[in-house]
Amino acid sequence: MRFNEKELVFLSRQPSEKAAELGMRGPKKGDVVKRRLVKLVVNFLFYFRTDEEEPVGALLLEQCRVEREDSQTFTLAFLDEAERKYLFECDSEEQCGEWVDSIIKASYEFMRKNLVFYRTEIHRLTGKDPLEQYGISDETRFQFQGIMDQDYECRLLRQINIQNENASPVKAVGAARALTPTSSPLSSPSKHGDRFIPSRAGANWSVNFHRINEIEKSHNQNRKTKDGTTDSNKADGLAYSALLKNELLGAGIEKVQDPQSEDRRLQPSTPAKRSLFSYSVSTKRALPEEDGNTVSPYSLSPVSSNSQKLLRSPRKPTRKISKIPFKVLDAPELQDDFYLNLVDWSSLNVLSVGLGTCVYLWSACTSQVTRLCDLSVEGDSVTSVGWSERGNLVAVGTHKGYVQIWDAAAGKKLSVLEGHTARVGALAWNADQLSSGSRDRVILQRDIRAPPLQSERRLQGHRQEVCGLKWSTDHQLLASGGNDNKLLVWNHSSVLPVQQYTEHLAAVKAIAWSPHQHGLLASGGGTADRCIRFWNTLTGQPLQCTDTGSQVCNLAWSKHTNELVSTHGYSQNQILVWKYPSLTQVAKLTGHSYRVLYLAMSPDGEAIVTGAGDETLRFWNVFSKMRSTKESVSVLNLFTRIR
């Protein structure tokens with residue numbers, strides 16, 4: 001039997017019918033008695049370590065047997081595995097008896113027999129079956145199957161009889177007759193239960209049950225239509241779940257978060273900090289109206305004030321990210337090399353791609369392709385490309401260690417920068433300054449307006465190939481990543497790194513500075529690391545880390561919202577969109593059959609292009625132009641006010 005883990009954790013935090021610290025021993029050989037916090041919630045018996053807030057496990061009280069071993073101990077076993085027993089040690093004989101009675105009354109069979117009894121009495125007194133209104137047939141209305149142990153069944157009947165003798169004048173014999181029908185078509189020893197409890201992960205049956213036929217009919221419809229309806233169904237399901245939790249559990253939820261929001265769980269608007277280890281007698285749960293919210297005495301609504309606020313709250317438009325690229329271009333001879341950077345998108349909406357020995361330009365406005373240069377004449381090949389900020393110049397790094405500067409509009413080579421002794425795999429522009437990283441472990445920073453030797457700065461800090469370079473958005477800091485697993489930060493005034501981060505366990509190629517938060521830097525590690533890490537370069541402190549499960553090849557921040565996109569290699573070859581700082585996945589895009597080694601963003605910040613060793617370039621719409629409403633407005637931000 002499978003259950004949704006999140007639902008179980010949520011259930012374990014609800015007020016318990018009974019809770020205490022007991023000694024507990026598991027059913028395996030060699031298990032010893034350990035102190036555990038045991039909580040009885042509905043028909044689940046949760047047990048916790050005494051210093052933790054999440055349960056170690058849960059026992060579903062169905063088809064189980066509870067027996068007292070002695071005055072202070074009792075055992076719990078399941079009928080299909082009678083030899084495997086959980087043992088519980090209580091502090092007193094009275095406590096042991098209370099626990100045994102509580103567990104019996106919480107069992108599924110006991111509650112089911114109660115329902116059968118009350119249904120029979122209602123039918124006898126009114127002449128109507130209370131289950132007819134739900135469309136349940138006679139054959140399936142609480143038909144009891146003869147698989148339960150007879151002694152245990154008698155004990156359950158005895159408990160019901162004792163309980164009902166005090167509250168109802170009806171004789172218990174009639175109840176016993178109603179509980180064990182002799183001509184049930186479902187009474188068969190070969191059956192193993194009258195309930196099917198599916199894994200409800202990803203299925204909102206409470207909302208979609210009436211749409212089963214529609215779903216079956218539209219199963220073979222277009223994939224785009226299917227993707228479009230998923231998000232709206234999720235939003236409806238979240239609203240419905242929140243409404244139920246308000247009315248049944250008094251959760252006090254006043255606002256439903258977006259299905260792709262930072263936290264996909266429904267939380268109360270003012271969550272109360274409640275300790276799991278407070279042992280108190282369970283009291284009647286307060287109704288939602290009793291927690292301080294004023295309700296109009298003239299209100300005719302059958303729901304609580306929190307639910308009314310929930311229903312009146314404005315719906316955020318559903319974010320839809322297409323999982324299909326809107327354009328695919330062939331890119332023959334696009335190299336499958338992690339250390340190269342062969343794709344870049346200019347501010348003038350022109351894409352440059354290094355294919356073998358040539359650099360090609362593709363205009364996103366006209367879809368025209370032109371060949372900028374061919375290095376085969378020089379016996380060289382392209383290892384990196386990078387556009388200047390104005391979009392008129394493109395730098396080309398070569399395998400022999402040269403950096404060529406080209407005028408894209410004129411198709412003319414302006415200069416050749418020497419200085420490296422190995423291939424140039426990383427380029428980064430800062431106004432008229434160009435930084436280049438090479439396999440010779442050196443970073444050269446040069447002003448293209450001045451003679452090369454006059455403006456050259458040599459930055460030496462890496463012990464292996466430099467494969468990632470990025471300037472900060474304020475043009476003050478340069479971040480570099482290398483095959484030595486190091487992430488270094490440089491400034492204008494020093495030839496030594498001002499900060500050094502060594503937490504990555506593989507090569508650092510993916511680097512991105514946040515345009516929304518000053519000094520926030522993101523970096524990603526290779527196959528042995530698989531992590532995206534965030535750093536506060538103002539204080540030098542690490543912030544967050546998330547394991548992506550595969551090699552991180554590239555990172556890029558959205559220009560308008562606090563989100564970023566990452567591309568991955570071994571072993572999933574996927575593209576992920578993340579929301580920061582919650583680090584929840586907004587979208588997962590697949591399509592490349594090789595590592596997604598190259599990434600560039602369009603000048604409007606809406607689209608990205610990805611390249612892989614499968615020799616294709618794929619264009620995706622992942623970001624929107626709408627700015628985030630959660631951006632903080634600081635009085636120190638000079639661009640938010642006129643002076």
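Note that this is a predicted model, so its numbers are computed, not measured.
- Between Tyr580 and Trp557, the two ring planes are perpendicular [angle over 60°; tilted spans 30° to 60°].
- To the nearest 0.5 Å, atoms OH (Tyr108) and NZ (Lys113) are separated by 11.0 Å.
- Of all heavy-atom pairs spanning Ala587 and Ile321, the tightest one is CB-CD1, 3.8 Å.
- In terms of modelled atom types and a separation under 3.5 Å, the side chain of Ser12 and the main chain of Val9 share a donor-acceptor contact.
- With values rounded to the nearest 0.5 angstrom, Asp101 atom CG is found 9.5 Å from Cys96 atom SG.
- Between the side chains of His504 and Thr502, no donor-acceptor pair of N or O atoms lies under 3.5 Å.
- Relative orientation of the Phe46 and Phe44 rings is parallel, given thresholds of 30° and 60° on the angle between their planes.
- Taking Tyr47 as the reference, nothing meets the ring-ring contact (aromatic ring centres under 6.0 Å, His included) condition, with sequence neighbours excluded.
- In terms of the salt bridge (Lys or Arg N to Asp or Glu O under 4.0 Å) criterion, residue partners of Asp547 (sequence neighbours excluded) are, by chain and number, Arg530.
- You'll find the side chain of Asn43 reaches within 4.5 Å of the side chain of Met111, heavy atoms only.
- The existence of a salt bridge linking Glu503 and Arg533 is excluded, since no basic side-chain nitrogen approaches an acidic carboxylate oxygen closer than 4.0 Å.
- For the pair Lys85/Leu76, no side-chain contact is recorded, criterion being any heavy-atom separation below 4.5 Å from C-beta on.
- Looking at Glu54 and Arg13, a side-chain N of the basic residue comes within less than 4.0 Å of a carboxylate O on the acidic one, giving a salt bridge.
- A search for ring-ring contact (aromatic ring centres under 6.0 Å, His included) contacts involving Trp578 returns nothing, not counting sequence neighbours.
- Side-chain N/O atoms of Glu67 and Thr75 include no donor and acceptor closer than 3.5 Å.
- The side-chain contact (heavy atoms from CB on, under 4.5 Å) check on Pro542 picks up Trp535, with sequence neighbours excluded.
- Leu521 has its side chain out of reach of Phe534: every pair of non-hydrogen atoms, C-beta onward, lies at least 4.5 Å apart.
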Residue pair Gln63, Asp80: steps toward the side-chain contact (heavy atoms from CB on, under 4.5 Å) verdict = CA-CA 8 Å; Gln63 298 181 14; Asp80 55 349; 5.8 Å; no
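- Using a 4.5 Å heavy-atom threshold, the side chains of Leu520 and Asn536 count as separate.
- Taking 4.5 Å as the limit, some side-chain heavy atom of Trp99 sits within range of a side-chain heavy atom of Leu45.
- The closest donor-acceptor contact from the side chain of Arg35 to the backbone of Glu21 lies under 3.5 Å.
- Of the possible polar contacts, one joining the Gln14 side chain to the Phe10 backbone as a donor-acceptor pair under 3.5 Å is found.
- His568 has its side chain within reach of Val552: a pair of non-hydrogen atoms, C-beta onward, lies under 4.5 Å apart.
- Listed by first and then second residue, the salt bridge (charged side-chain N to carboxylate O under 4.0 Å, His left out) pairs involving residues 561-573 are Arg319-Glu563, Glu563-Lys579 (not counting sequence neighbours).
- Of the possible donor and acceptor atoms, none in the side chain of Asp529 sits under 3.5 Å from a partner among the backbone N and O of Ala506.
- Taking CG of Leu564 as the reference point, atom CD1 of Ile532 lies at 6.0 Å (rounded to 0.5 Å).
- The neighbour count for Glu94 CD, taken as heavy atoms of other residues, nucleotides or ligands under 6.0 Å away, does not exceed 12.
- The side-chain hydrogen bond (donor to acceptor under 3.5 Å, both in side chains) check on Ser514 picks up nothing, with sequence neighbours excluded.
- A distance-only check finds a donor-acceptor pair linking the side chain of Gln544 to the backbone of Pro581 [under 3.5 Å].
- How far CG of Leu555 is from OG1 of Thr567: 7.5 Å, rounded to the nearest 0.5 Å.
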